[in-house]
Amino acid sequence: MIAAIILVLAGLYCLARGVMDLRAKRWVWGALGIVAGIGIMAAPIPTEVQVALPAGSATR
């Protein structure tokens, strides 16, 4: 969960920095920032969910 929050914050920072660079007419850095932000935000976050089910009895 913490990793997901950190990745979202890093992606938002890259996007914001890219927009600021584009407004300052630093085209290459702006484009790289936006691409990096989109790449970070689009990356899948691996999660493992384990569900423990109670063992059923054989006699009914």
Going by chain and number, the hydrophobic cluster around Ile2 (ILVMFWY, side chain to side chain under 4.5 Å) further includes Ile6
The criterion is side chain to side chain contact (heavy atoms under 4.5 Å, CB included); which residues satisfy it with Val51, sequence neighbours excluded?
Val49, Leu53
Holding to side chain to side chain contact (heavy atoms under 4.5 Å, CB included), I want the full list of residues that pass it with Leu9, two or more places apart in sequence or in another chain.
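With neighbours one apart ignored, the set is Ile5.
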Same cluster or not: are Leu22 and Ile38 linked, directly or through other Ile, Leu, Val, Met, Phe, Trp or Tyr residues, by side-chain heavy atoms under 4.5 angstrom apart?
yes
So how far is it from Asp21 CG to Trp27 CH2, rounded to the nearest 0.5 Å?
11.0 Å
Can you confirm whether Cys14 sits close enough to Ile34 that some side-chain heavy atom of one is under 4.5 Å from a side-chain heavy atom of the other?
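When only atoms from C-beta onward are counted, Ile34 and Cys14 do not touch, as no gap falls below 4.5 Å.
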Quick one: closest heavy-atom pair of Met41 and Leu12, and the distance?
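Of all heavy-atom pairs spanning Met41 and Leu12, the closest is CE-CD2, 4.1 Å.
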